[in-house]
> 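Sharing a structure, written as C-alpha cells. Questions coming.
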2 protein chains.
Amino acid sequence: MPQKDPSLTDLPPGVAIAWGLDRPSTRGAKAELSPARIIEVAIRLADKEGLAAVSMARVAKDLGFTTMSLYRHLRSKEELLVLMVDAAFGDPDLAAPEVGDRAEPDWRTATRRWAKAIEQRYREHPWILDYPVTGPPASPNELLWLEQLLRALAPTTLTASEKLNSALMLANLVRSSTRMELDVADNDTPDAFEAYVGLLFQLLDPEQHREVLGLFSDPELAVMEDAGDELSFALERYLDGMEALMARRGSGADQPG
Amino acid sequence: MPQKDPSLTDLPPGVAIAWGLDRPSTRGAKAELSPARIIEVAIRLADKEGLAAVSMARVAKDLGFTTMSLYRHLRSKEELLVLMVDAAFGDPDLAAPEVGDRAEPDWRTATRRWAKAIEQRYREHPWILDYPVTGPPASPNELLWLEQLLRALAPTTLTASEKLNSALMLANLVRSSTRMELDVADNDTPDAFEAYVGLLFQLLDPEQHREVLGLFSDPELAVMEDAGDELSFALERYLDGMEALMARRGSGADQPG
DNA sequence: ATAAACTGTTTATGCTATAAACAGTTTATG
DNA sequence: CATAAACTGTTTATAGCATAAACAGTTTAT
C-alpha cells in the first residue's frame, strides 16, 4: 500500500485506489499482488458463491497468499467491497450508434436504455445488490453511470435538483426492481408461491386482511403474466410521472405538492 | 423454545413466534425470558446504538442472562432480526377519523397518508433500513401495512398485478427515499457537502463528466431548498405516473411500453 | 554502505454465531 | 408417589471473522 501523501489517507475507502491517486512505489520489493488482482479474484468469487463467501481469508487463499498480505494493498475489507462494486458496474459504454441512426434519442428512450443497461450489470453481478448503498457516488464508474443518466435527462425542463432527485430515484427504482425480480427467480418454484399463499390463507384473518387475501386469490396473479417485468412497469410509471410534471410546468400551471 | 409440532419447525424464521403458533409449554421450569422481552431489549439497543451493536452476546448482557439463554427462545439471530423488524414497524393504526370527516379519502390522499405513516416508523427505528428486505412479507405487521396500502389502492382501476406491483414499488420508494434523507441528515454538515463537491471537481474530467459537474455547480443545489423532501418529490412523481396509466386506461386508449 | 520504504508472513487478539453437554425445575404419567 | 419427559438456563467449546503488531526479506535512494 504505497501511500506517502498523507492527504490520501483520509479519503473515503477505495477512492484513492480507484482513481489511481496512489503513486507507484520505487523502493522495496516489487509487489506480486495488486489491488486489481485482488479485486478480480474477489469478484470471481462473489459471482460464483455470493458476497457472503467473500472473506479476506478466502480471497487470499484463492490468490495463493496469506490473509494479511491483502492488507498491504487494501486498507480494509470495506475498501475491497467498494472497489469490487465499482469494478463490477464497469464503464457504461452506452455507445450511441453513431452512423445511420444519428438522431439523438428522446429523454425517455435514453433513460430506458440506461435502465436496461444497468439492470444488465446487476444481473451479471447480483451480489452488488447485497452491498448497501452508503451515500452519494464517489467512485469512477458509479459517477460515469450517473453522468450517463444525467445526460439522458439533460434535454428535459427539470430543474437541477429535480434532475438529481429523479436520477437518484431512477437508480433506486432499477435497483429495487431488479432485486425483486432476482429474489423471485431464486426462490420461486410454482410450489414456493403456492406455499406462500397457502400460508397466508392459514394465518390471516379474512376480515382484517381482505385486500391481501383478495389479491392473492386473484386468478390473474397466479398466471404471473407479467412476471419478470416489474422493472418496466415501475419505470414507465415513474417516467409518466416525470412527464406529467414537465407538462404541468410547460403549460405554465403549477400545483402544490 | 417450546415447539412440539414439527410442522412449525420449518416455517420461515420468526413466523411461528410472530403469529403465536408455538403453544406455551406445560412441563419444565417456568421461563424468565421470552421472545417478547428479548425483542424489546434488542430494539432498545438498536435504537440507541444501531443494528451493528445488536449481537446475541450484547442483547443477553443487557438482559442479564448468558448468551446461550437466548437460543432457548429464538432459533437464530436471523429470527431475532425478523421479529425486531416486525415489532418495530408495529401496527399501522391509520385510524380513519370516524366522526365529522366521514368521507373516504381518494386513493392519492390515502396512499400519501400511508407513505408518511411508514416513513415515520423508519424515522423512529432507522436501523430497519439496515436490515435487507428478503422476500414477500410474511410477518403480521408487515402484512398489515401491505393491507393498508392495498386498501388505499382498492378504489383505483388497476388490475391485481398492477396493484401488487405498485404497492411493492411504493414501499420501495418510501424506503429508499427515507434512507437517502437519513443518510444525508447523518453525514451532511455544510462542510461535508462542499468537501464532496470539491473532491468531484478535483477528480472528474470536465469533459467526460460535464453533466455531473454542471449539476453540482448549480447554485440552486447549494441552497438545498427542497432538502428533506426527496420522499414527497418521488412519491408525487410515482402517483402521477399511476394516474396517467389509469387515465389512459379510462379513455380506452392503450399504448405499448 | 547504510537507511528508508516496501512486501509478504507469522503470530496473536477479540469479536461473532452457535453446537453440545450438563444441572436444575416443573409437570404429566406410570 | 415415583419416574420420565420436557423445559430453562449455564458452561464449555469450536470455527469463523477482521485486523493489529512484530518480523524477515528485498529493493532503491542517499
Side-chain angles (χ1 to χ4, degrees), chain A residues 1-6 8-9 13-14 16-17 22-38 41-42 45-46 49-84 131, chain B residues 1-6 8-9 13-14 16-17 22-38 41-42 45-46 49-84 131:
Chain A
M1 204 163 49
Q3 50 176 7
K4 38 194 69 149
D5 190 342
L8 296 185
T9 308
I17 292 176
D22 50 350
R23 41 112 233 218
S25 63
T26 145
R27 299 226 240 272
K30 63 191 160 165
E32 310 170 57
L33 245 39
S34 68
R37 256 190 87 193
I38 299 172
V41 165
L45 176 58
E49 306 184 28
L51 199 59
V54 176
S55 70
M56 297 301 267
R58 176 63 193 278
V59 172
K61 195 188 148 195
D62 284 12
L63 280 159
F65 288 80
T66 60
T67 304
M68 291 309 293
S69 67
L70 305 191
Y71 288 92
R72 292 287 170 213
H73 305 272
L74 303 168
R75 277 189 291 162
S76 64
K77 184 181 183 183
E78 174 68 11
E79 181 153 70
L80 171 60
L81 292 173
V82 168
L83 294 168
M84 284 175 68
Y131 182 77
Chain B
M1 206 165 44
Q3 50 177 8
K4 38 194 69 146
D5 189 342
L8 296 186
T9 308
I17 292 176
D22 49 349
R23 39 113 232 219
S25 63
T26 146
R27 300 227 238 272
K30 63 190 161 166
E32 310 169 58
L33 245 39
S34 67
R37 254 189 88 192
I38 298 171
V41 166
L45 176 58
E49 305 184 28
L51 200 58
V54 176
S55 69
M56 297 301 267
R58 177 63 193 279
V59 172
K61 194 188 149 197
D62 284 12
L63 280 159
F65 287 81
T66 60
T67 304
M68 292 309 292
S69 68
L70 305 191
Y71 287 92
R72 291 287 168 214
H73 306 271
L74 303 168
R75 277 190 292 160
S76 63
K77 185 182 180 181
E78 174 68 13
E79 182 153 70
L80 171 60
L81 293 173
V82 167
L83 293 168
M84 283 174 69
Y131 182 77

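In this text, all values refer to a predicted model and were calculated from it rather than measured experimentally. Residue numbers start from 1 in every chain, and the chains themselves are labelled A, B, ... in the order their sequence lines are given, proteins ahead of strands.
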> Under 4.5 Å between any side-chain heavy atoms of A:Ile17 and A:Val82, yes or no?
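Of all side-chain heavy-atom pairs linking A:Val82 with A:Ile17, none is under 4.5 Å.
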> Please give, in whole Å, the distance from D:dT8 P to B:Arg37 CZ?
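Atom CZ in B:Arg37 sits about 14 Å away from atom P in D:dT8.
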> A:Thr66: what forms a side chain to side chain contact (heavy atoms under 4.5 Å, CB included) with it, not counting sequence neighbours?
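By the side chain to side chain contact (heavy atoms under 4.5 Å, CB included) rule, A:Thr66 matches A:Ser69.
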> Which nucleotides of nucleotides 13-21 of chain D have their base under 4.0 Å from a protein heavy atom (B), which only their sugar-phosphate (S), and which neither (-), written as one string 5' to 3'?
----SSBBB
> Rounded to the nearest angstrom, tell me the gap between atom CD in B:Glu79 and atom C1' in C:dT18.
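The distance from CD of B:Glu79 to C1' of C:dT18 comes to 14 Å, rounded to the nearest Å.
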> What pattern of brackets, bars and dots sums up DNA chain D from 5' to 3', given Watson-Crick or G-U wobble pairs under 3.5 Å, [ ] for crossing pairs and | for another strand?
||||||||||||||||||||||||||||||
> Within this structure, what is the CG-to-P distance between A:Leu70 and C:dC6, rounded to whole angstrom?
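After rounding, the gap between these two atoms is 19 Å.
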> Hey, is the side chain of A:Thr66 poking within less than 4.0 Å of OP1 or OP2 on C:dT9, counting only N and O atoms?
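Checking A:Thr66 against C:dT9: at least one side-chain N or O falls below 4.0 Å of OP1 or OP2.
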> Is there a side-chain polar atom (N or O) of B:His73 under 4.0 Å from OP1 or OP2 of D:dC7?
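So the side chain of B:His73 is outside the cut-off, no N or O lying under 4.0 Å from OP1 or OP2 of D:dC7.
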> Rounded to whole angstroms, how far apart are CG on B:Leu81 and P on C:dT16?
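Interatomic distance, CG of B:Leu81 to P of C:dT16: 14 Å.
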> What heavy-atom pair brings A:Pro13 and A:Glu78 nearest, and what distance separates the two atoms?
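The answer is CG-CG, 3.9 Å.
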> Between NZ of A:Lys77 and OH of A:Tyr71, what distance do you get to the nearest 0.5 Å?
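Nearest 0.5 Å value for the NZ-OH distance: 8.5 Å.
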> Please output the side-chain donor-acceptor pairs of residues 49-60 of chain B that fall under 3.5 Å, not counting sequence neighbours, one pair per line with the distance.
from	atom 1	to	atom 2	distance (Å)
B:Glu49	OE1	B:Arg58	NH1	3.1
B:Glu49	OE2	B:Arg58	NH2	2.9
B:Ser55	OG	B:Arg58	N	3.0
B:Arg58	NE	B:Asp62	OD1	3.0

> With the sugar-phosphate defined as primed atoms, P, OP1 and OP2, and the base as all remaining atoms, what B/S/- string results for nucleotides 23-30 of chain C, 5' to 3', for protein heavy atoms under 4.0 Å?
--BBBS--
> Distance-only check: which donor-acceptor pairs under 3.5 Å involve side-chain atoms of residues 28-38 of chain B, not counting sequence neighbours?
from	atom 1	to	atom 2	distance (Å)
B:Ser34	OG	B:Arg37	N	3.1
B:Arg37	NH1	B:Glu32	O	3.1

> Which value, rounded to the nearest 0.5 Å, describes the distance between A:Leu74 atom CG and A:Met84 atom CE?
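Answer rounded to 0.5 Å: 11.0 Å.
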> Quickly work out the A:Asp22 CG to C:dT7 C1' distance and round it to whole Å.
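Spelled out: CG on A:Asp22 to C1' on C:dT7 is 15 Å.
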